[in-house]
Amino acid sequence: MMNNRQLADTFTLIANLLEIKGEIIYKTLAYRKASESLMGLGRQASDYWKEGKLEDIPGVGKAISEKIDELLKTGKLEFLEKLKKEVPEELAGWLAVPGLGPKKIAMIWKELNITALADLEAAAKNGQLRDLPGMGAKSESAILEGIASLSRRSGRIPLGRAYPLAQEIIATLKKAKGVVDAAPAGSLRRMRSTVGDLDILVAAKESAPVMEAVVNLPGVNRVLGKGETKSSIEFTDGVRAQVWVHPPEKFGTALQYATGSKDHNVQLRQLALDKGLSLSEHSFARVKGGKEIFCATEEEVYKTLGLPWIPPELREDRGEVQAAKQNKLPKLIELKDIKADLQVHSTWSDGKLSMLEMARAAAKQGIKVIAFTDHSVSLGVTQGLSMDDHKKQAAEIKKIQKQLGDEILVLHASEVEIKADGSLDYPDEFLASLDLVLASMHTSLRQPREKVTERMLNAIRNPHVDIIGHPTGRLIPDREPADLDMDAVLQAAAETGVALEINAHPSRLDLDDMYARRAKELGIPISINTDAHSEEDFDMRFYGVAIARRAWLTKSDVINAWSPKKLLDWLKKRGS
DNA sequence: GCCGTTTTCGGCCCGACTGTTTTCAGTCG
């Protein structure tokens with residue numbers, strides 16, 4: 001049975017091939033829209049299918065629902081097979097080359113009769129492209145550069161790498177002449193767990209000095225474009241950045257525009273048109289003449305549309321505009337709301353600092369409850385604790401609690417391994433003796449779907465387990481999530497009341513927003529934890545909270561934001 | 001191909017930048 005990702009990939013391929021074929025653009029857009037919608041669904045399309053409700057999926061109508069039906073039934077699609085005969089599938093890969101679009105691809109393919117990327121590279125090197133219609137020597141070398149950059153660029157950039165890098169760039173640009181303000185935009189500002197490139201917006205009266213500073217940033221390898229309002233650069237490691245410059249009085253519309261998402265902006269522009277206004281990054285223009293409206297802040301942009309300001313994390317066209325219209329935007333959780341960290345490691349297993357040092361570091365950041373979840377015995381690489389070790393650790397916790405007084409409450413917990421056969425690393429009687437049990441998978445993550453799901457369900461159904469740590473086991477950017485049946489996982493979590501973690505470490509951010517939002521809808525408590533192994537790791541809460549905000553979570557949805565008393569009562573009721 | 005508190009047909013955001021052009025097409029976000 002195909003999963004959402006496979007369905008989405010199929011429709012993206014169809015869109016790419018149709019585009020090269022020269023099909024009307026809106027048809028290809030419809031397939032792309034359906035593909036994105038499937039990726040952000042948070043539920044399996046096959047469930048909609050079983051209920052006969054495929055057309056409830058946004059962007060899926062009669063034609064695409066029939067195609068999903070065929071794919072789920074047979075695993076194949078007649079329409080796609082035919083299409084591949086008209087347009088070689090290999091050509092879709094060319095679209096990944098920066099600077100190459102569907103028109104040029106079709107033209108080169110037909111003129112030179114080549115379909116392999118290697119042949120394209122050879123043709124460019126041999127100077128065969130420059131004489132084609134609409135091409136020249138520059139286009140030819142641009143294509144060669146583009147192919148070379150493909151190997152340099154390794155896909156999307158983890159948020160934890162992109163965010164600090166953008167802050168550095170912003171700090172440098174703020175020193176340029178005449179700069180009033182600078183801010184991240186794009187998926188970076190929306191805090192997606194990975195971003196494609198860095199979008200940065202600068203407010204300045206004069207553009208030239210800023211653009212000069214942009215192309216002279218440290219580590220710039222190539223200047224992809226340099227204009228008055230926009231410049232693009234590529235760093236030596238393949239990371240790309242785009243910088244816009246707008247005058248301060250237009251900063252609001254410009255920031256709103258550059259933040260996106262594309263679909264959110266489409267919604268706003270439509271709303272503007274309904275009011276007789278045309279919204280661009282520069283201003284609101286009246287459709288029938290009259291004065292333009294300039295906005296220096298985003299608040300003014302949304303106010304002009306009759307909406308409250310929508311936090312960037314929500315701007316994904318997932319119902320936020322509708323909610324804003326009805327004044328039903330959630331009051332999103334904030335960093336300062338987090339009062340507990342329920343996954344922390346110490347030198348008892350693979351942490352870098354003692355429990356006392358970690359507890360003090362957490363207290364310094366306003367944390368009131370900390371749970372030490374050192375690894376369990378079977379995870380040998382981390383020097384997991386035996387039950388005997390735990391007795392000693394418990395004694396140690398008593399001792400440091402006295403030293404810490406009411407500065408911070410220390411819980412004796414464990415990150416218990418969910419073993420390959422689905423059993424937990426300690427017997428139930430022992431789990432019951434701990435203050436808190438967090439269960440996670442670290443090994444055999446590539447088991448087949450049924451097996452790995454059953455294993456997870458077993459942990460969720462253990463009455464002593466309070467939290468499931470980093471549920472899917474993904475590592476950004478290197479490891480795909482385990483092939484879990486997330487519907488079954490969420491269903492079981494809803495039934496047993498176990499909390500699911502948003503692991504705040506930027507290489508995990510697991511659960512990601514779409515699952516966390518679905519969890520909230522099912523009433524599943526969420527726990528945002530740093531998985532800290534050192535003092536700096538406590539800062540990673542910031543990313544965890546960002547993902548929670550993208551999932552529409554409020555204080556009451558997150559157990560770490562509850563009062564210590566409420567949290568302890570909840571733990572007590574869970575029987576461990 | 002999808003969609004609908006003015007539409008079941010006629011829309012579907014719109015501007016910047018580049019390169020190959022003598023006014024515009026292609027790509028990108």
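No experiment lies behind these values; they were computed from the predicted model shown. Letters A, B, ... mirror the listed sequences (proteins, then strands); counts begin at 1.
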query: Contact class for Lys67(A) vs. all strands (heavy atom < 4.0 Å): base, sugar-phosphate, or nothing?
result: sugar-phosphate

From Lys328(A), Arg315(A), His264(A), residue fulfilling side-chain hydrogen bond (donor to acceptor under 3.5 Å, both in side chains) relative to Glu320(A): His264(A)

message: Heavy-atom nearest nucleotide on DNA chain B for Lys27(A) versus Pro133(A): which residue maps closer to 5'?
response: Lys27(A)

field: Test item: Trp244(A) side-chain N/O and Ala203(A) main-chain N/O as donor-acceptor pair under 3.5 Å
entry: no

field: Arg222(A), CZ: over 12 other non-hydrogen atoms inside 6.0 angstrom
entry: yes

task: Name the nucleic acid region contacted by Leu268(A), choosing base, sugar-phosphate or nothing; use a 4.0 angstrom heavy-atom cut-off, strictly under.
output: nothing

field: d(CD, Glu36(A); P, dG1(B)) in whole Å
entry: 18 Å

- prompt: Would you find a donor on one side and an acceptor on the other, under 3.5 Å apart, between the side chain of Asp487(A) and the backbone of Gln44(A)?
  reply: yes

- request: Using a 4.0 Å heavy-atom cut-off across all strands, classify Lys62(A) as base, sugar-phosphate, or nothing.
  value: sugar-phosphate

- request: Taking atom P in both dC12(B) and dG19(B), compute the distance separating them and give it to the nearest angstrom.
  value: 31 Å

field: dT21(B) and dG26(B), which share atom name C1', separated by this distance in whole Å
entry: 13 Å

- line: Whole-Å distance, Glu55(A) CD to dC2(B) P, equals 8 Å

- request: Report the distance from atom CD of Glu19(A) to atom C1' of dT27(B), rounded to the nearest whole Å.
  value: 10 Å

- prompt: Which comes earlier along DNA chain B counting from the 5' end, the contact point of Gly101(A) or that of Ile64(A), where each point is its nearest nucleotide?
  reply: Ile64(A)

message: One thing to verify: whether Glu206(A) and Lys177(A) come together as a salt bridge, which I'm taking to mean a side-chain N less than 4.0 angstrom from a carboxylate O.
response: yes

- request: Could you list by number each residue of residues 103-132 of chain A showing a heavy-atom separation from DNA chain B of less than 4.0 Å, or answer none if no residue does?
  value: Lys103(A), Lys104(A)

- request: Could you tell me if the ring centre of Phe542(A) sits under 6.0 Å from that of Tyr163(A)?
  value: yes

task: Please state how far atom CD1 in Ile25(A) lies from atom C1' in dA25(B), giving the value in whole angstrom units.
output: 14 Å

Whole-Å P distance, dG10(B) and dG15(B): 25 Å

task: Go through Asp510(A) and Arg474(A) one step at a time and tell me if the salt bridge (charged side-chain N to carboxylate O under 4.0 Å, His left out) criterion holds.
output: CA-CA 7 Å; Asp510(A) 176 16; Arg474(A) 74 160 176 188; 5.4 Å; no

message: Work out how far the C1' atom of dG11(B) is from that of dT6(B), and round it to whole angstrom.
response: 14 Å

task: Using a 4.0 Å heavy-atom cut-off, write out nucleotides 10-19 of chain B from 5' to 3' as B (base contacted by protein), S (sugar-phosphate only) or - (no contact).
output: --BBSSSSSS

message: Rounded to whole Å, how long is the line connecting atom CG of Leu38(A) with atom C1' of dC2(B)?
response: 14 Å

field: Sub-6.0 Å ring centroid separation between His470(A) and His505(A)
entry: no

- prompt: Between dT7(B) and dC2(B), how far is it from one C1' atom to the other, in whole Å?
  reply: 14 Å

query: Which value, in whole Å, describes the distance between the C1' atoms of nucleotides dT20(B) and dC24(B)?
result: 9 Å

- prompt: In whole angstrom, what separates Arg32(A)'s CZ from dG1(B)'s P?
  reply: 15 Å

query: Given Glu298(A), which of Lys303(A), Lys250(A), Arg189(A) fulfils the salt bridge (Lys or Arg N to Asp or Glu O under 4.0 Å) condition?
result: Arg189(A)

message: Can you tell me how the ring of Phe79(A) sits relative to the ring of Tyr31(A), calling it parallel under 30°, perpendicular over 60° and tilted otherwise?
response: parallel

- prompt: In whole angstrom, what separates Leu201(A)'s CG from dG29(B)'s C1'?
  reply: 14 Å

query: Paired with dT18(B): which nucleotide, if any, by Watson-Crick or G-U wobble criteria at under 3.5 Å for both distances?
result: dA25(B)

- request: Take the protein atom CZ of Arg189(A) and the nucleotide atom P of dG29(B), then report the distance between them rounded to whole Å.
  value: 19 Å

